[in-house]
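The structure appears right after this line, and notes come after that.
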Amino acid sequence: GDRTMNTFLGMSQELQVDDVDKEVIQSSKIIYLTGYLWDTESQKKTVKNTLLEAKNRGVKVALSLSDPFCVVRHKTAFFTT
């Protein structure tokens with residue numbers, strides 16, 4: 001059968017740094033991020049900021065690589081972020 005994965009990212013493509021509440025990060029045990037958030041510059045900036053905030057607060061981060069095509073597109077960024 002067809003094993004094509006279809007994903008609709010909707011408004012997540014418009015994600016901005018101010019959309020992530022620092023108090024929510026502080027109150028979290030784990031921040032879960034998806035590789036799909038590397039698709040736009042505003043998303044990448046938001047992810048990097050969220051990672052820094054989590055690190056500064058001692059909050060663990062889990063990253064889903066999302067799908068093989070996402071890894072191919074963003075492999076270097078995943079390793080250097």
Side-chain angles (χ1 to χ4, degrees):
D2 184 12
R3 295 185 182 201
T4 302
M5 179 176 163
N6 295 307
T7 303
F8 177 68
L9 301 176
M11 285 302 294
S12 70
Q13 293 180 321
E14 302 297 325
L15 190 65
Q16 301 287 325
V17 171
D18 291 340
D19 293 332
V20 180
D21 188 331
K22 293 176 184 176
E23 290 182 26
V24 172
I25 294 173
Q26 180 65 50
S27 66
S28 301
K29 292 182 181 179
I30 299 174
I31 300 293
Y32 175 79
L33 299 169
T34 172
Y36 291 124
L37 293 177
W38 266 264
D39 284 337
T40 68
E41 289 305 314
S42 67
Q43 288 172 310
K44 284 188 269 190
K45 183 177 179 182
T46 302
V47 167
K48 289 179 181 183
N49 186 73
T50 301
L51 289 169
L52 180 61
E53 294 290 340
K55 180 180 178 181
N56 290 341
R57 290 167 167 73
V59 176
K60 293 179 181 179
V61 175
L63 171 66
S64 165
L65 298 178
S66 302
D67 70 55
F69 301 109
C70 193
V71 173
V72 169
R73 281 193 315 271
H74 305 296
K75 184 177 179 180
T76 302
F78 288 162
F79 279 107
T80 59
T81 299

Sorted by chain and number, sequence neighbours left out, side chain to side chain contact (heavy atoms under 4.5 Å, CB included) with Leu52 holds for Asn56
Hits for side chain to side chain donor-acceptor pair (under 3.5 Å) against Thr34, two or more places apart or cross-chain, chain-then-number order -> Ser66
When every non-hydrogen atom of Ala54 is compared with those of Val61, the smallest separation belongs to CB-CG2, 3.8 Å
In short, salt bridge (Lys or Arg N to Asp or Glu O under 4.0 Å) pairs touching residues 36-53 with sequence neighbours left out are Lys22-Glu53, Asp39-Arg73, Glu41-Lys44, Glu53-Arg57
The reported gap from OH in Tyr36 to SG in Cys70 (rounded to nearest 0.5 angstrom) is 6.5 Å
One should read off an interatomic distance between Thr46 OG1 and Trp38 CH2, to the nearest 0.5 angstrom, of 11.0 Å
Margin query: Test side chain to side chain contact (heavy atoms under 4.5 Å, CB included) on Ile31 and Ile25; report intermediate values, then the result.
Written below: CA-CA 7 Å; Ile31 300 293; Ile25 294 173; 4.2 Å; yes
- Task: Check whether any side-chain heavy atom of Leu33 sits under 4.5 Å from a side-chain heavy atom of Leu51, and report yes or no.
- Result: yes
Here the salt bridge (Lys or Arg N to Asp or Glu O under 4.0 Å) pairs for residues 24-36, sequence neighbours left out, are none
For residues 9-21, please give each side-chain donor-acceptor pair under 3.5 Å, one per line with the distance, not counting sequence neighbours.
{"unit_1": "Ser12", "atom_1": "OG", "unit_2": "Leu9", "atom_2": "O", "d": "2.7"}
{"unit_1": "Gln16", "atom_1": "NE2", "unit_2": "Glu14", "atom_2": "O", "d": "3.4"}
{"unit_1": "Asp19", "atom_1": "OD2", "unit_2": "Gln16", "atom_2": "N", "d": "2.8"}
{"unit_1": "Asp21", "atom_1": "OD1", "unit_2": "Glu23", "atom_2": "N", "d": "2.8"}

